[in-house]
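No hydrogens, no waters, no symmetry mates; every other heavy atom, side chains included, goes into these values. Chain letters run A, B, ... following the sequence lines, proteins first, then strands; residues in each count from 1.
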Protein chains: 2
Amino acid sequence: MTATTVHQPTHREALWELEDAFERGDLITIFGRCTVEYDGRAASSLDPGRRLLILKPDGTALVHTDENQKPVNWQPPGSEHHAAVRDGRLRVRSVRSSPDETLDVRFETVEQLSAMAVSGRRDLSVTGSEADLRNALLDRPALIEPGFEPLATERPTDAGPIDLFGRDSDGRPVVVELKRRRVGPSAASQLQRYVAAIEREEGDAAAVRGILVAPSVTDRARRLLAEHGLEFVAVEPPSDGSVAVSTATDNDADVVDDDTDDDTAASSTAESAGEGSN
Amino acid sequence: MTATTVHQPTHREALWELEDAFERGDLITIFGRCTVEYDGRAASSLDPGRRLLILKPDGTALVHTDENQKPVNWQPPGSEHHAAVRDGRLRVRSVRSSPDETLDVRFETVEQLSAMAVSGRRDLSVTGSEADLRNALLDRPALIEPGFEPLATERPTDAGPIDLFGRDSDGRPVVVELKRRRVGPSAASQLQRYVAAIEREEGDAAAVRGILVAPSVTDRARRLLAEHGLEFVAVEPPSDGSVAVSTATDNDADVVDDDTDDDTAASSTAESAGEGSN
DNA sequence: GCCTAGGTCCCGTAG
DNA sequence: CTACGGGGCCTAGGC
């Protein structure tokens, strides 16, 4: 048996199980009615309610409710989990330093406590990152502009590292900022900041070009780019490592449907089951 | 009993439990050996391993391993959970559209499946946000500068909304950007962008001041501020709603220790239990 | 739906 | 340790 579970344990029984699970380095889930207090970089308080607490052997603590992807309260990896019975409650406290932070979960009742041996996240491979976009553009620099010659990636400047630096066919320095998704004002500012840094370096103002390469751009960002004489090149979002230019805002994505449901099946829709939020 | 659990169920048994739990709108945890495939905004693949899958009634799906705060794979709220038995495996698929995304978790074996009724995150109160800092400064605008007069918050401009806008004792427009923590280059760019927008509005270049208000600033950000004639005012990080100015980089935080462990207790340290990461 | 910015952002990487 | 920027960021608030 690789997963041990106790139902409606006494607080003392729960504490014993916690001790053993801490010792084994298990991932622990506790479900019950609890309050949550956090104090550290900010501070928060949560009234009694039924929630799921997850304790990881790396020091992570997560308090989840029935909605949202993010835990309602948490503690980062590297924290220390402590458990005790105080005032008739099971108290789980997760603490870390620098910064000093404490998460306090106090259970009135523990409905269930489980401990299980979980394996790490080996062999996760992701595609479609900004790095993939960069590599695709290094393979075919003409996608940015005919004659563009890449010289460096992550080129350091006084304002931070430039995604892609090179020269155009006229020999002018070109700062390229890559984004894997639609960009807003902050990306325009970022590019402008790098261009200004290179201009300061080169000492030859107004000769440095800046190109923002992304799937698309908001109106406001486009205006900000124009105000600073910066350019925009649209590329399809990186899917399988390849990229394509798109002259305007015309998107045509081929979707392959590989669904073949012909067996017993269950399904849950946010609208059909449970009380939908919003 | 508000939490139902089955241990080492057959896939068919697990499917029945899932159907019931979907119907009830429960929060579901499944622990077992599985593969994970994701395709959507990006794509990823995860080799077989023992992991914890969490399914929320709002459509959220989370795959957790033994380390890190973030799930190794996930699906956002609003997705639809589907379960089926295929090829001798329990397949849980979470799908959403716009953007089209699919998360596929295939269990070789299910060690445990639990379903529980969890309550929402009512009554979460947080303090120490940027909004708290803003309110404190509105109460005592002199903390920014003697004679500073706040005129608007979230004031719209062509470059985006300004945190705090006002005038100094000389009647000059002042753009204030607030940050709850130490700031880097991006905050300097953000402030610069807003100042430029106001200067364009006012038509009277160089008369607009920009002040970055934060606990501290990195060297590089400080230089970027100086290059654009922008200013920095240090405030203590917002703790209990009050703020204090600090003339330089001298931090003195009083820490109250309220720990009183005198009962049975268990504790887990990332270094002592389990295989520590890094 | 899109846009904009905050976040106890988390996280990896480089210095 | 700090710094810097990416992220399938997520989430809230406007429009």
Looking for any heavy atom pair under 4.0 Å, which part of the strands does [X] touch: base, sugar-phosphate only, or nothing?
X	value
B:Pro99	nothing
A:Asn73	base
A:Gly160	sugar-phosphate
A:Ala159	sugar-phosphate
A:Gln190	sugar-phosphate

**Asked** What residue among B:Leu27, B:Thr60, B:Val92 forms side chain to side chain contact (heavy atoms under 4.5 Å, CB included) with B:Leu55?
**Response** B:Val92
**Message:** By the definition side chain to side chain contact (heavy atoms under 4.5 Å, CB included), identify the one residue from B:Val217, B:Val213, B:Leu191, B:Ile211 that meets it with B:Phe232.
**Reply:** B:Val217
Length of the [atom1]-[atom2] vector between [X] and [N], whole Å:
X	N	atom1	atom2	result
B:Arg222	D:dA3	CZ	C1'	15 Å
B:Leu62	C:dC10	CG	P	16 Å
A:Asp132	D:dG7	CG	C1'	13 Å
A:Leu178	D:dG6	CG	P	9 Å
B:Leu133	C:dT8	CG	P	14 Å
B:Leu124	C:dG7	CG	C1'	13 Å
A:Lys179	D:dG8	NZ	C1'	15 Å
B:Glu177	C:dG7	CD	P	10 Å

For [X] and [N], is the shortest distance between a side-chain N/O and OP1 or OP2 below 4.0 Å?
X	N	result
A:Tyr38	C:dG7	no
A:Arg193	D:dG5	yes
B:Thr218	D:dC4	yes
B:Ser186	D:dC4	no

**Asked** Among the nucleotides D:dG8, C:dC2, C:dG1, which one has an atom lying closest to any side-chain atom of A:Arg182?
**Response**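 From the listed options, C:dC2 comes nearest.
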**B:Arg220 side chain, from C-beta outward: closest of D:dC4, C:dG1, D:dG7** =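 Side chain of B:Arg220 sits closest to D:dC4.
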**Item:** Whichever of A:Asp219 and B:Ala131 has its nearest DNA chain C nucleotide further upstream toward 5'
**Value:**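 Result of the comparison: A:Asp219.
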**Asked** Using the P atom in both, what is the distance from C:dC11 to D:dT11, to the nearest Å?
**Response**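 The same atom, P, in both gives a distance of 15 Å.
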**Prompt:** Which heavy atom of A:Val118 sits nearest a heavy atom of B:Arg51, and at what distance?
**Reply:**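 The pair with the smallest heavy-atom distance is CG1-CA, 4.1 Å.
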**Request:** Give the minimum heavy-atom separation between B:Leu224 and B:Pro185, together with the two atoms involved.
**Result:**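 Looking at all heavy atoms of both residues, the closest pair is CD1-CB, 3.7 Å.
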Only counting residues at least two apart or in another chain, list the ones meeting salt bridge (charged side-chain N to carboxylate O under 4.0 Å, His left out) with [X].
X	answer
B:Arg223	none
B:Glu231	B:Arg209
B:Arg96	B:Glu101

**Asked** Salt bridge check: are A:Lys56 and B:Asp66 linked by an N-O gap of less than 4.0 Å?
**Response**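 Looking at A:Lys56 and B:Asp66, the cut-off is not met.
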**Message:** Using a strict threshold of under 4.0 Å (side-chain N to carboxylate O), is an ion pair present between A:Glu37 and A:Arg93?
**Reply:**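 Looking at A:Glu37 together with A:Arg93, the answer is no, because their closest N to O distance does not fall below 4.0 Å.
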**Asked** Using a 3.5 Å cut-off on both pairing distances, which stems of three or more Watson-Crick or G-U pairs include DNA chain D?
**Response**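 In DNA chain D, stems of three or more pairs: C:1-7 with D:9-15, C:9-15 with D:1-7.
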**Prompt:** What one-letter contact string describes nucleotides 10-15 of chain D from 5' to 3', where B marks a base within less than 4.0 Å of any protein heavy atom, S marks contact via sugar-phosphate atoms alone, and - marks no contact?
**Reply:** SSS---
**Prompt:** Ignoring hydrogens and angles, does a donor from either the side chain of B:Glu130 or the base of C:dG6 sit under 3.5 Å from an acceptor on the other?
**Reply:**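 Answer is no: no donor-acceptor pair is held.
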**Request:** Before giving the answer on side chain to side chain donor-acceptor pair (under 3.5 Å), spell out for B:Lys70 and A:Gln69 the whole-Å C-alpha distance, their side-chain angles and the decisive distance to 0.1 Å.
**Result:** CA-CA 10 Å; B:Lys70 288 188 61 176; A:Gln69 176 172 341; over 6 Å; no
**Request:** Just jot down the side-chain hydrogen bond (donor to acceptor under 3.5 Å, both in side chains) partners of A:Glu227, sequence neighbours excluded, or say none.
**Result:**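 Partners of A:Glu227 by the side-chain hydrogen bond (donor to acceptor under 3.5 Å, both in side chains) criterion, ordered by chain and then number, come out as B:Arg200.
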**Prompt:** Starting at the 5' end of DNA chain D, which residue's closest nucleotide do you reach first, A:Ser97 or B:Ser44?
**Reply:** A:Ser97
